[in-house]
Amino acid sequence: MATDIKKCVDKMDKKSFQDDLIGWFVSEQRELPWRKDQDPYKVWVSEIMLQQTRVDTVIPYFNSFLEKFPTIEALASADEEKVLKAWEGLGYYSRVRNLQSAVKEVRENYGGQVPDSPEKIASLKGVGPYTAGAILSIAYGKPEPAVDGNVMRVLSRILLIWDDIAKPASRKIFESTVREIISHENPSYFNQALMELGALICTPTSPSCLLCPVRDHCAAFDEGVQNELPVKTKKKKQKNIELAAGIFTDDQGRILIRKRPETGLLANLWEFPTVELGLGFQRQREQLAVHFEEIYGFSPKISESLGEIGHVFSHLIWNIHVFSGSFDGDIIESTQLKLVTEEEIQEYAFPVPYQKMLKQYLEFKKAD
DNA sequence: AATTCGTGGCG
DNA sequence: TCGCCAAGAAT
């Protein structure tokens with residue numbers, strides 16, 4: 001640890017800090033569905049869902065997910081299609097595929113009990129340093145650091161840590177710092193309180209320092225630099241991609257859908273047949289049909305243009321040119337290519353941009 | 001170490 | 001409108 005950080009840590013009255021922090025958490029913590037008990041499975045599910053995702057977004061997903069898959073056994077034996085459907089709209093879909101894979105591993109190797117050793121738990125798919133520490137401390141009361149973005153922001157201010165929190169290497173600095181100041185009486189509340197403080201008081205912009213329970217321990221507040229911390233370099237902007245996608249129906253009105261590849265963006269989710277348009281995407285309808293044929297082996301009759309749908313990802317921006325149309329008989333259905341009715345389509349998990357596309361199509365059809 | 005993985009909300 | 005952000009992990 002850097003000497004200036006150590007100096008700040010040494011100067012801190014740990015016991016007083018822990019008491020103020022935990023005391024605040026006891027009285028001010030939010031009632032959240034995953035805080036009703038310390039069931040390791042529920043803690044685990046909540047932590048996976050909460051990765052890069054807001055509490056308000058997670059709550060309804062957590063409740064319905066636990067209803068559908070109440071136990072490790074239930075999730076381990078569930079159909080992957082249903083698991084993905086339960087995650088639909090939450091994003092970062094590899095999280096739930098890793099979760100189900102890890103839950104199976106727990107069933108097979110640990111008798112269905114979530115292990116409580118750092119080594120074993122960190123070896124589970126989708127469980128990294130943060131999630132391992134969160135489960136160990138919250139479910140098992142172990143004094144392990146659980147360093148997320150909140151913790152880095154809060155501690156950077158309290159202890160005047162100027163390392164760039166966007167750098168992967170910085171996390172370790174915060175972990176070793178937490179090891180020095182964590183409460184061994186109540187590591188669960190200590191970790192949760194740091195995160196809760198970051199969520200409610202010590203926010204990224206305009207922190208509510210006047211309401212802060214640990215203001216007297218905060219070096220940044222003392223020096224009036226709370227708005228300069230944390231140091232975080234900004235990421236580069238997204239790349240634009242032009243796509244054409246079609247809702248193509250057969251003579252019975254069934255819609256053609258395709259399962260995306262099992263790796264990469266939106267892996268294993270379903271979509272409507274899509275082609276990427278090159279630089280000169282101002283091509284004519286006939287060429288577009290040829291383009292679809294090259295990739296899917298059929299040539300649709302494109303009848304209508306339904307406009308465009310924009311969708312922003314973390315690292316890229318899609319602009320989907322939406323079409324509707326039909327095709328003649330000879331589609332060969334497979335595990336990757338299916339013809340489904342408007343009823344059946346509800347059973348398949350679609351990324352948000354394609355949900356928008358379907359909605360757009362149904363409204364167009366109704367108005368027509 | 002730097003990228004790739006979603007989505008929705010907010011100033 | 002746009003950049004930033006939210007309880008990160010895998011590659």
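Letters A, B, ... mirror the listed sequences (proteins, then strands); counts begin at 1. Only heavy atoms go into these numbers, but all of them, side chains included; no hydrogens, no water, no symmetry mates. Fair warning: this is a prediction, and the values are worked out from it, not measured in the lab.
Using a 4.0 Å heavy-atom criterion, one finds that A/Lys235 contacts the bases of the nucleic acid, with or without backbone contacts as well. Using a 4.0 Å heavy-atom criterion, one finds that A/Trp87 contacts no nucleic acid atom at all. A/Gly89 comes within 4.0 angstrom of sugar-phosphate atoms only, judged by non-hydrogen atoms across all strands, and of no base. Using a 4.0 Å heavy-atom criterion, one finds that A/Ala146 contacts no nucleic acid atom at all. A/Thr53 comes within 4.0 angstrom of a nucleotide base, judged by non-hydrogen atoms across all strands. At a threshold of 4.0 angstrom between heavy atoms, the contacts of A/Arg260 with the nucleic acid are absent.
Taking 3.5 Å as the limit, the base of B/dG11 and the side chain of A/Thr205 contain no donor-acceptor pair of atoms between them. For A/Ser314 against B/dG6, a side-chain-to-base donor-acceptor contact under 3.5 Å is present.
When A/Lys172, A/Arg171, A/Arg179 are each tested for a side-chain hydrogen bond (donor to acceptor under 3.5 Å, both in side chains) with A/Glu175, only one passes: A/Arg171.
Listed pair A/His311 / B/dG6 fails the phosphate criterion, with no side-chain N or O lying under 4.0 Å from OP1 or OP2. Look at A/Tyr92 and you won't find any side-chain N or O under 4.0 angstrom from OP1 or OP2 of C/dA6. Here A/Thr131 reaches the OP1 or OP2 of C/dA9: one of its side-chain N or O atoms lies under 4.0 Å away.
Between A/Lys167 and A/Val312, it is A/Lys167 whose nearest contact on DNA chain B lies nearer the 5' terminus. Taking the nucleotide of DNA chain B with the nearest heavy atom to each of A/Gln51 and A/Lys236, the more 5' of the two is matched to A/Lys236.
When rounded to the nearest whole Å, the span between CD of A/Glu47 and P of C/dA6 equals 16 Å. What separates CD1 of A/Ile48 from P of B/dT7 is a distance of 18 Å, to the nearest Å. Taking atom NZ of A/Lys125 as the reference point, atom P of B/dC5 lies 18 Å away to the nearest angstrom. If you measure from atom OH of A/Tyr354 to atom C1' of B/dT7, you get 16 Å, rounded to the nearest angstrom. One atom, NZ of A/Lys232, and another, P of C/dC5, lie 4 Å apart when rounded to the nearest Å. Atoms NE2 (A/His315) and P (B/dC5) sit 4 Å apart, rounded to a whole Å. Separating the CG atom of A/Leu194 from the P atom of C/dA6 is a distance of 15 Å, rounded to the nearest angstrom. What separates CG of A/Asp163 from C1' of B/dA1 is a distance of 16 Å, to the nearest Å.
Enclosure of atom CD in A/Gln113 is not indicated, since only 12 or fewer non-hydrogen atoms of other residues, nucleotides or ligands lie within 6.0 angstrom. By the 6.0 Å contact criterion, NZ on A/Lys120 is open, its count of non-hydrogen atoms from other residues, nucleotides or ligands being 12 or less.
Of the candidates C/dG8, C/dC5, C/dA9, C/dG8 carries the atom nearest the A/Asp148 side chain, counting heavy atoms from C-beta on. Checking C/dA9, C/dC4, B/dG6 against every side-chain atom of A/Leu265, the shortest atom distance belongs to B/dG6. Across C/dC4, C/dA6, C/dA9, the shortest atom-to-atom separation from the side chain of A/Arg153 is found for C/dA6. The side chain of A/Arg54 lies closest to C/dC5, out of B/dT7, B/dA1, C/dC5. Closest to the side chain of A/Asn98, out of B/dT7, C/dA10, B/dC5, is C/dA10. The side chain of A/Gln52 sits closest to C/dG8 out of C/dC4, C/dG8, B/dT7. With B/dA2, C/dG8, C/dC5 as the candidates, the nucleotide lying closest to the side chain of A/Pro204 is C/dC5.
Spacing of P atoms, B/dG6 relative to C/dT1, comes out at 25 Å, to the nearest Å. Atom P of B/dC5 sits at a distance of 23 Å from the matching atom of C/dA6, rounded to the whole Å.
A donor-acceptor pair is defined here as one N or O able to donate and one able to accept, closer than 3.5 Å; no such pair exists between the side chain of A/Asp20 and the backbone of A/Val214. With A/Tyr93 contributing its side chain and A/Gly89 its backbone, the two residues share a donor-acceptor pair below 3.5 Å. In terms of modelled atom types and a separation under 3.5 Å, the side chain of A/Ser188 and the main chain of A/Asn186 share no donor-acceptor contact.
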ask   = So A/Phe323 and A/His321, ring-ring contact (aromatic ring centres under 6.0 Å, His included) or not? Walk me through it.
value = CA-CA 7 Å; A/Phe323 299 92; A/His321 302 251; 7.1 Å; no

